[in-house]
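We count ligands from 1, going down the list as the structure has it; atoms in each ligand are counted the same way. Because the structure is predicted, anything quoted here is derived from the model rather than measured.
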Amino acid sequence: MKQQLENIRLQALSSLDAATSPAELEELRVKWLGKKGELTAVLKMMGKLSAEERPVMGQMANSVRAEIEEKLESRKTQIGAAVLEAKLAAEAIDVTIPGEAVTLGHQHPMNMVLQEVKDIFVGLGYQVVDGPEVELADYNFTRLNIEEGHPSRDRSDTFYFTDDDSVLLRTQTSPMQIRFMENHKPPFCMLAPGRVFRKDEADATHSPMFHQIEGLVVDEHITMGDLKGALISMMRKIYGADSEMRFRPHHFPFTEPSCEMDMQCHKCHGTGEIDGQVCSTCHGEGWIELLGAGMVHPKVLESCGIDPEKYSGFAFGMGLERMAMGRMRINDLRLIFDNDVRFLNQF
Ligand code: PHE
């Protein structure tokens with residue numbers, strides 16, 4: 001029996017020394033000290049011993065148990081520390097490794113100019129509004145005093161959705177004049193930027209989709225002078241105090257009188273040619289048409305429930321891409337929509 005206890009002691013201690021995980025330690029505890037363990041099995045045989053031997057063996061068994069328990073505790077501490085160490089090493093973060101650089105984009109040049117224009121008009125007290133791109137012919141044409149049969153209504157110019165030509169992709173932002181006047185009483189100043197669509201072949205200055213910014217001001221005693229003042233102050237803010245522009249008489253069914261405003265071509269500086277060749281940016285005109293404008297037609301005011309005897313107003317609609325081309329010195333409109341990063345990175 002003494003030999004048995006000695007064997008248990010030696011084997012238990014060496015197996016505990018060899019253990020590497022808390023789970024293994026627990027297994028060994030059950031094996032050596034558990035109710036069905038080796039030590040218990042030996043103690044069960046104590047009954048067979050003589051009265052003199054029993055206390056001696058009992059004492060020895062207790063000291064073996066104590067020794068194994070002590071070893072178990074110390075191995076627990078050691079293995080626990082080793083496990084923690086390994087975990088910390090595995091989870092270590094090297095803060096000195098360089099991170100992955102995030103390349104920051106920036107606004108599209110056209111949006112930059114849109115933002116500038118909005119800021120200027122918001123500063124003048126204008127309210128910025130948004131409206132539908134799929135529009136009723138009623139708003140896009142009829143209520144703007146554009147009669148049946150007008151060339152702009154033609155199927156070769158306008159994208160229609162329905163056979164009866166009643167629903168279309170808006171060809172201008174001017175229907176926003178009607179939509180706004182339906183819901184607001186003068187005085188007001190409104191600005192409505194947005195996409196418009198026309199069946200145009202794409203070239204250096206045309207695209208079947210482009211952006212306009214509509215402006216509308218209605219109050220008592222509004223004159224053409226107010227219109228010119230607003231547009232000139234906007235142009236000077238964007239293109240500089242020395243920028244050249246001109247107003248030409250024009251015709252729009254929804255304004256009377258009407259005009260167009262051009263800016264001097266930034267490419268040929270108004271000469272219409274570069275190195276003896278016709279300037280491709282302005283097609284030799286020397287000027288780039290930027291916007292149409294005029295005094296809101298009394299019929300349009302009236303159809304929106306505004307008394308034209310009391311109120312007057314002006315409206316304008318400008319091409320945002322053309323503004324951006326002048327502002328950013330871009331000589332081909334298609335570059336604005338190509339989204340070539342080599343182009344966009346220049347701004
Ligand atoms: N909507 C016109 C166009 O697209 C421009 C315009 C707007 C003219 C407002 C007068 C008043 O050409």
Side chains of [X] and [Y]: is there a donor and an acceptor less than 3.5 Å apart?
X: His108; Y: Asn111; answer: no
X: Thr142; Y: Arg153; answer: yes
X: Ser63; Y: Gln59; answer: no
X: Asp138; Y: Ser166; answer: no
X: Gln115; Y: Gln107; answer: no
X: Ser207; Y: Glu321; answer: no

Can you check whether [X] has an N/O within less than 3.5 Å of an N/O in ligand 1?
X: Arg198; answer: yes
X: Thr255; answer: no
X: Gln177; answer: no

* Option nearest atom 12 (O) of ligand 1 (shortest heavy-atom distance, choices Phe210, Phe252, Phe316) -> Phe252
* **Residue portion contacting ligand 1 (non-hydrogen atoms closer than 4.0 Å) for Ser258** => neither
* At the 4.0 Å heavy-atom cut-off, does Phe254 count as touching ligand 1? -> yes
* Out of curiosity, is Glu214 lining ligand 1, as in a heavy atom under 4.0 Å away? -> yes
* **Under-4.0 Å salt bridge between Asp200 and Arg198** => no
* What's the shortest distance from atom 7 (C) of ligand 1 to any protein heavy atom, and which residue and atom give it? -> Gly317 N, 3.2 Å
* For atom 6 (C) of ligand 1, closest protein heavy-atom neighbour -> Gly292 O, 3.5 Å
* Structure fact -> Note: ligand 1 atoms sitting under 4.0 Å from heavy atoms of Gln212 are 3 (C), 4 (O)
* Just which atoms of ligand 1 are under 4.0 Å from any heavy atom in Gln172? -> 1 (N), 2 (C), 3 (C), 4 (O)
* Asked: Is it true that the NZ or CZ of Arg179 lies under 6.0 Å from the centre of Tyr139's six-membered ring and within 45 degrees of the ring axis?
  -> yes
